[in-house]
Each structure stands twice: as structure tokens, then as C-alpha cells.
Asker: 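Just dropping this structure here.
Each residue takes its place number in the sequence, starting with 1.
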Amino acid sequence: METESEPYVRLASLRQLHQVMADMNTARSLADTLQTVADGVVGALGYEMACVNLVRPDGDLVVAAFSGNSAAEALITGRVGSRESWLRRLNMGETWGDLVFIPHTEGWVLDDDDVPQWYTDGPAPRFEDEWHPSDRLFAPMYTPGVQGGASGELLGVISVDRPRNGRRPGAWGREALQMYAFQAAIAISNARLRANMQRALVRLEREQQALRASEESFRQAFEYAPSGMAIAEMGGDQHGRILRTNDALCRLLGRPASAMRRYSFSDLVHPEDIGTLLRTSAEGGRAELRLGRRDGTYVWVSLRNSVVADAADGPRFLLTHVEDIEERKRRELQLAHRASHDSLTGLPNSAELRSRLSARICQRPSQPGELDSLDAAYGHPAYDSQAGHGFDFAPGAEAYDAFDHHVHSVAPEDGHDDGTKGLAVLFCDLDGFKSINDRFGHNAGDAVLIEVARRLSRGVRDGDTVARLGGDEFVILADGLGKADAQDLAVRLRNEIIQPIRAEGRAVRVGASFGIGWAHCGMTADEVLKSADERMYVEKRSRPKQHRRAG
């Protein structure tokens, strides 16, 4: 680039710079782009040598292209300089806009760092603006779209050596190099994007033998994707109807493509997961739920949604990616079971017991006016669950249903059986269990606990909960019992427990004390358990000691 006539730059020089910038953006590969960048500095900007240092994924910079000196190119191409050393260079010297100039009077401190560099011979400068062989000039390249290097992400650095006119670049030369570095960053970013796209297309062609045209590439990616894909209507009377499925989704659900077109996802989802589906956003929404197979079973899947837009009419189709997560869900359920159940007996543990108990009791509004206010707040009963389309959801419906479908828990009155049915909480503490541990060891004690858990589970109804609270304490939740029913249940369970138990080759006996508490809305789980525990101790103290010991 001519600098003697600044600011009057020859038109030929501008055309040459314009052509080099155009060449950068038409290079076929990232390597060609980098080399074009280096060659352009020498050919259009008038420097004798140029080097392009590119930031690697690990943050260090590698010499990716060189121009102007074949000996220097062979010496440093492919060598790596640490990011710390480069940042040190870019933070010292003089700043010319985004450029960094380190004069020979300061650059000697960099001679021993790990940045690849070359040295040119030449006489010492005679004039103030003459280029010294040890002067250094760097043009940082930052990610496109960021004005000013200080706030952008460093993409690489162009380093140049010795202008051909022997002078330090003036205002035009500096502006040209800075503008060139900015355009080079855009070209390199575009080349990387093209390289990534080309690698993706090559992989797609090898696996699916797809055509390179965009429509055919999409068809191939859809049809032969290893996981399920579906396209559904978006909007209109047919909103949510499945239009097209790939082979992977048909295999996953065991349904032919022709049959799939008769359904929407709401027809296939497990009834318990319909709320999850309705809450899932159409644009970028994700959900984990169960879809029905043809044989009547269900499989856990992850749904991811995106909109296929029509340029003229806006969003038209919903593209859904369906991934089989059955194995992961099975592992998660196993882990959740271990976290919520006692490892010895397999019964729900203390945390799970409190969770189930809390789910059955609530603070329910008792005045008619309060229920009316809920209707107004949540739009119930005006809310119509069928009015929503596809994955839309009417807010507030679940919040109302939490009250609307809750069975209010009440407790029989103390002192007499008035026929009220409630949630009975039976607190069971084993009598004489410690002596078994002391006499026969903990293995025998564990065997007793396992057998007691089995007998308790066998003695209750389906739907009742038997949990191990800890140690030799158990709790039974039995809903829909009257006072006499609960007392009869406690007697039956005690009679089961006191039967001989085989442990470590010998028959042992334990007794059991039961306290019956009642859960009703307005109480906490801990309050309910404390009430049953206190009644158990009252019952334990009221029985003769010999009746409380193991036989």
C-alpha cells in the first residue's frame, strides 16, 4: 500500500485492497482463507512479511499461515505460542486504534517468550519514522459484530514485518491494516462456518447418501435420523395432527407411518402425562413423557419442538424430535426408589412417608366465598381443557384442581366412634427387639425387621402405606377407616408380629405397641406422627411389662 502520498492514495491501491478482501471471502477452505489473508497483507498492504496466528480451542495461538519469506515460513508455520505470551504483547507498546506497535526499544523483553517469531537483518534506522528490524506491529482480529477489540473475543492476530517503503505506516496505512484485520476476522469466521457445514454434509452423505441440496439434505436427515422425528400441523382446525414420521419413530412405537398420520401426540401420550404435553411450548419446548406403543405398552421419550417457518405466511409446521430415554428413566426411577425407600426392608423411608402424608393433608378454604374467589382467580369452571391447541396450556387449571379434586381429610372425634372415616396413622414400635440384637447379633435383628416389614405389608390393604420410620419403628397410613376399624387393624397387625420369627437358625419373638393417630387438613406431617407416637407410648405404658417383652 502506497504511503508516500497520504492522504492522497492511488485509486489502483484501493482497487488492489478491495480485490484482496473479495478474495478472502471467496476462498474455498479455511486454510485457503488464512493464506489469502497473509498474502493480502504482503500483496496489497505493502509489507514484506505477514503471519496469521489463529486462536486454537485451548486458547493458545498457532501460526496458521505465512507469506513473504519461504525460509521463515518453514521455520515457524505450525508452531504454537501461549495465550499468556500473546496477551502480554497485546497489552504493551503503543496502541494505534486496534493495532499494537511495539518499538525495538521495548520489544527486546519479548525475545525469550514462547511466541514463534523471526528476525530480519538490516541497518539501524536513520530517521525517526524509519522501520527498525526489531519493530513489531500486530493487528488483532476479533469476532465479527463487536466494535472495538477490547470488548470482543480474540480470534487471532496478524503480525507484519517491515513495510516495503521502509517507513512506519502513517495514518492511512494504519487505518488500512486495521480495516483489513476486521474484514479478515469476518472471512475467517465465515470460512470456519463453511468448514463446519461441509464436514456435517460429508458425514451426512457418508451415512445417508443424501444430496447436497438443502431440501434433499433435510429430507435425508429427517428420514434416516437415528432417533424419532415427526412433523405436525400448526394452527387451524387440524392443529397438532401428525403429518409425517420417520422410520425410527415408527419402529419406536411399533406403528406404521400410515397409521401415525391418524393421530396427534395428545392421542398417543400416557393419560398421566397429558398435562406435561399441554404445558410444553411449541417453540423450543422440551418434555419428558410416555408415548403409547401399538402393543399397549408405553415408552419414555424426550420431546424437543421447533417451528418450521414459512417465509410468506409465518410458522406453519411443528418439527418434533423424539428420543428414546427408556433406559435412562429406568435408572432414574431405580435411583429415586433407593432414595425414598429403606435399603433393608424395601419399605418407604421416613422422607417418603412424610411426603405421602403431606400430600393427603392441606389447608383448604372452608368458606363458600373463598371457593368463589378461586373460581374468579383461575377461571374455573369456565376453563375448557379441550379448548387449548397442540401444546398450549391454560394457566391456573392445575392450581384449582389441587383443591377441586382434593379429598378433605377429617378425623373421628375422641371418646366415641361417630362413624367418621378418616386417614388413620398407626405408629408401631417393636417390643423386645433390642434384646435380640444384643443376644444374637445384628444379622438376626435385620432378619426380624425384614420379616416384620413383610407381615405388616401383607396385613394391610392395597393402597395403604407401610413405612419404616427408623430403627424398630414402623408407620402405617390407612385411609377411609373409622375408629373401630383402625383399632381392629392394630390388633390384627400385632397378632401377626408376635408369631415366631426364624432368624439365624433360631425362632425368636418380638412384641409390638401401636398408637393410632388421625390426620386431618390443617395439621403438618410431623404433628400427625407426633400425635400417633405419643399415643403409642401411652399404649405401651398401659400394658403389663411381661406382655411387652419378646417371647
Asker: How long is the straight-line distance from CG of D114 back to CG of D60, given to the nearest 0.5 Å?
Answerer: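 The CG atom of D60 sits 7.5 Å away from the CG atom of D114.
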Asker: Might you work through the side chain to side chain donor-acceptor pair (under 3.5 Å) test for R354 and S350, ending with a clear yes or no?
Answerer: CA-CA 6 Å; R354 285 174 167 81; S350 174; 2.3 Å; yes
Asker: Honestly, is R174 close enough over W96, meaning NZ or CZ under 6.0 Å from the six-membered ring centre and within 45° of the axis?
Answerer: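 Checked: cation-pi criterion met.
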Asker: Under 4.0 Å between a Lys/Arg side-chain N and an Asp/Glu carboxylate O for E128 and R167?
Answerer: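 Salt bridge between E128 and R167, a charged N being under 4.0 Å from a carboxylate O: no.
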Asker: Does any donor atom in the side chain of W118 or N69 lie under 3.5 Å from an acceptor atom in the other side chain?
Answerer: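 On atom types as modelled, these side chains do not qualify, holding no pair under 3.5 Å.
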Asker: If you take all heavy atoms of A191 and S29, which pair is closest and at what distance?
Answerer: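 A191 and S29 have their closest heavy atoms at CB-O, 4.4 Å.
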Asker: Is there a donor-acceptor pair under 3.5 Å between the side chain of R83 and the backbone N or O of G59?
Answerer: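 Checking the backbone N and O of G59 against the side chain of R83, a donor-acceptor pair under 3.5 Å is found.
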Asker: Between V160 and L45, does a side-chain contact (heavy atoms from CB on, under 4.5 Å) hold up when you go through it step by step?
Answerer: CA-CA 10 Å; V160 302; L45 297 182; over 6 Å; no
Asker: Does a donor on one side chain and an acceptor on the other come within less than 3.5 Å for D526 and T524?
Answerer: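 Judged by distance alone, the side chains do not pair up.
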Asker: Could you tell me which non-hydrogen atom of A50 sits nearest to which non-hydrogen atom of A38, and how far apart they are?
Answerer: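 Distance-wise, the nearest heavy atoms are CB-O, 3.7 Å.
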Asker: Check whether any side-chain heavy atom of L30 sits under 4.5 Å from a side-chain heavy atom of L34, and report yes or no.
Answerer: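 Counting from C-beta outward, L30 and L34 do come under 4.5 Å.
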Asker: Please check: side-chain N/O of H337 versus main-chain N/O of L333, any donor-acceptor pairing under 3.5 Å?
Answerer: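 Looks like no, no N/O pair under 3.5 Å.
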Asker: Side chains of S85 and S82 only: does a donor on one sit below 3.5 Å from an acceptor on the other?
Answerer: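 Short answer, yes.
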Asker: Please tell me if the side chains of I76 and C51 come closer than 4.5 Å, counting only heavy atoms from C-beta onward.
Answerer: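 In short, these two side chains touch, coming nearer than 4.5 Å.
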Asker: ring-ring contact (aromatic ring centres under 6.0 Å, His included) with F138: which residues, sequence neighbours excluded?
Answerer: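 If we apply the ring-ring contact (aromatic ring centres under 6.0 Å, His included) test to F138, skipping adjacent residues, the hits are W86.
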Asker: Apply side-chain contact (heavy atoms from CB on, under 4.5 Å) to the pair N165 and W131, showing each step before the final yes or no.
Answerer: CA-CA 9 Å; N165 62 10; W131 186 271; over 6 Å; no
Asker: Check for a donor-acceptor pair, side chain of D267 on one end and backbone N or O of S264 on the other, with a separation under 3.5 Å.
Answerer: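 Yes.
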Asker: Could you check if a side-chain atom of L291 sits within less than 4.5 angstrom of a side-chain atom of Y298, using non-hydrogen atoms only?
Answerer: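 Contact flag for L291/Y298 side chains = no.
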Asker: Do the non-hydrogen side-chain atoms of V301 and E323 ever get within less than 4.5 Å of each other?
Answerer: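 Side chain of V301 against side chain of E323, heavy atoms only: no contact under 4.5 Å found.
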Asker: In sequence, state the C-alpha distance, the side-chain angles, and the governing distance for E223 and R244, and then conclude on salt bridge (charged side-chain N to carboxylate O under 4.0 Å, His left out).
Answerer: CA-CA 10 Å; E223 294 291 347; R244 187 175 175 183; 2.9 Å; yes
Asker: First locate atom CD of E73, then atom OG of S67, and finally report the distance between them rounded to the nearest 0.5 Å.
Answerer: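 That separation rounds to 7.5 Å.
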Asker: For the residue pair H341 and P348, what are the closest heavy atoms and their distance?
Answerer: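 That closest heavy-atom pairing would be CD2-N, 3.5 Å.
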Asker: Could you grab the distance from atom CD1 of I188 to atom CD1 of I158, nearest 0.5 Å is fine?
Answerer: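 Here the rounded value is 6.5 Å.
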Asker: So, taking the atom named CG in L137 and the one named OG in S159, what distance separates them when rounded to the nearest 0.5 Å?
Answerer: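 Here the interatomic distance stands at 9.0 Å.
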Asker: Please confirm whether R255 makes a cation-pi placement over Y263, using NZ or CZ under 6.0 Å from the six-membered ring centre and within 45° of the ring normal.
Answerer: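 The answer is yes, since R255 meets both limits relative to Y263.
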Asker: Would you call R328 and E332 a salt bridge, using N to O less than 4.0 angstrom?
Answerer: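 Judged by the 4.0 Å cut-off on N to carboxylate O distance, R328 and E332 do form a salt bridge.
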Asker: What's the shortest heavy-atom distance between N349 and A339, and which atoms?
Answerer: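 N349 and A339 have their closest heavy atoms at ND2-O, 2.9 Å.
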Asker: Work out which heavy atom in S358 is nearest to a heavy atom in A525; give both atom names and the distance.
Answerer: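 So the minimum-distance heavy-atom pair works out to OG-CB, 3.5 Å.
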Asker: Is the closest side-chain heavy-atom distance between D135 and R168 below 4.5 Å?
Answerer: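 Contact flag for D135/R168 side chains = yes.
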Asker: Report yes if the side chains of L155 and S189 come closer than 4.5 Å at any heavy-atom pair, otherwise no.
Answerer: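 Side-chain contact under 4.5 Å: yes.
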Asker: Check the pair T36, D39 against side chain to side chain donor-acceptor pair (under 3.5 Å), reporting the backbone distance first and the verdict last.
Answerer: CA-CA 5 Å; T36 303; D39 292 340; 5.6 Å; no
Asker: For residues D273 and T276, is any side-chain donor paired with an opposing acceptor at under 3.5 Å?
Answerer: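 Note: D273 and T276 side chains miss the donor-acceptor criterion.
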Asker: Between Q117 and R79, do the side chains contain a donor N or O and an acceptor N or O under 3.5 Å apart?
Answerer: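 Their side chains do not contain a donor-acceptor pair, so the 3.5 Å distance test is not met.
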Asker: Would you call R89 and D113 a side-chain contact if the rule is heavy atoms closer than 4.5 Å?
Answerer: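 Yes, side chains in contact.
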Asker: Would you please test V322 and M229 for side-chain contact (heavy atoms from CB on, under 4.5 Å) and show each step?
Answerer: CA-CA 6 Å; V322 184; M229 304 285 286; over 6 Å; no
Asker: Quick one: do D58 and R56 make a salt bridge, cutoff under 4.0 Å?
Answerer: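 A salt bridge is present here (some side-chain N lies under 4.0 Å from a carboxylate O).
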Asker: Minimum heavy-atom separation for L99 and A139, please, with both atom names.
Answerer: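 Between these two residues, the closest heavy atoms are CD2-CB, 3.5 Å.
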Asker: Please assess E48 against R164 for the test salt bridge (charged side-chain N to carboxylate O under 4.0 Å, His left out), listing each intermediate value before the final yes or no.
Answerer: CA-CA 6 Å; E48 292 186 356; R164 279 196 290 270; over 6 Å; no
Asker: Look at the side chain of T297 and the backbone N and O of R293, then say whether any donor-acceptor pair between them is shorter than 3.5 Å.
Answerer: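 Side chain of T297 to backbone of R293: no pair is present.
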Asker: When M260 is tested against each of L253, N246, L243 for side-chain contact (heavy atoms from CB on, under 4.5 Å), which residue passes?
Answerer: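 With M260 as partner, side-chain contact (heavy atoms from CB on, under 4.5 Å) holds for just one option, L253.
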Asker: Would S227 and H321 count as a side-chain contact (heavy atoms from CB on, under 4.5 Å) if you check the C-alpha gap in whole Å, the side-chain angles of each, and the deciding distance to 0.1 Å?
Answerer: CA-CA 7 Å; S227 53; H321 175 242; 2.5 Å; yes
Asker: Side chains of M49 and R162: does their closest heavy-atom pair fall under 4.5 Å?
Answerer: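 With C-beta onward as the side chain, the pair stays apart.
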Asker: Nearest 0.5 angstrom please: I231 CD1 to R241 CZ, how far?
Answerer: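 Reported to 0.5 Å precision, the distance equals 12.5 Å.
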Asker: Does the pair E327/R330 count as a salt bridge with the N-to-O cut at 4.0 Å?
Answerer: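 Salt bridge present between E327 and R330.
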Asker: Quick one: pull up CD in Q35 and OG1 in T77 and give me the separation to the nearest 0.5 Å.
Answerer: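 Going from CD on Q35 over to OG1 on T77, the span is 8.0 Å.
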Asker: Can you name the ring-ring contact (aromatic ring centres under 6.0 Å, His included) partners of W300, sequence neighbours left out?
Answerer: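 W300: no ring-ring contact (aromatic ring centres under 6.0 Å, His included) contacts found.
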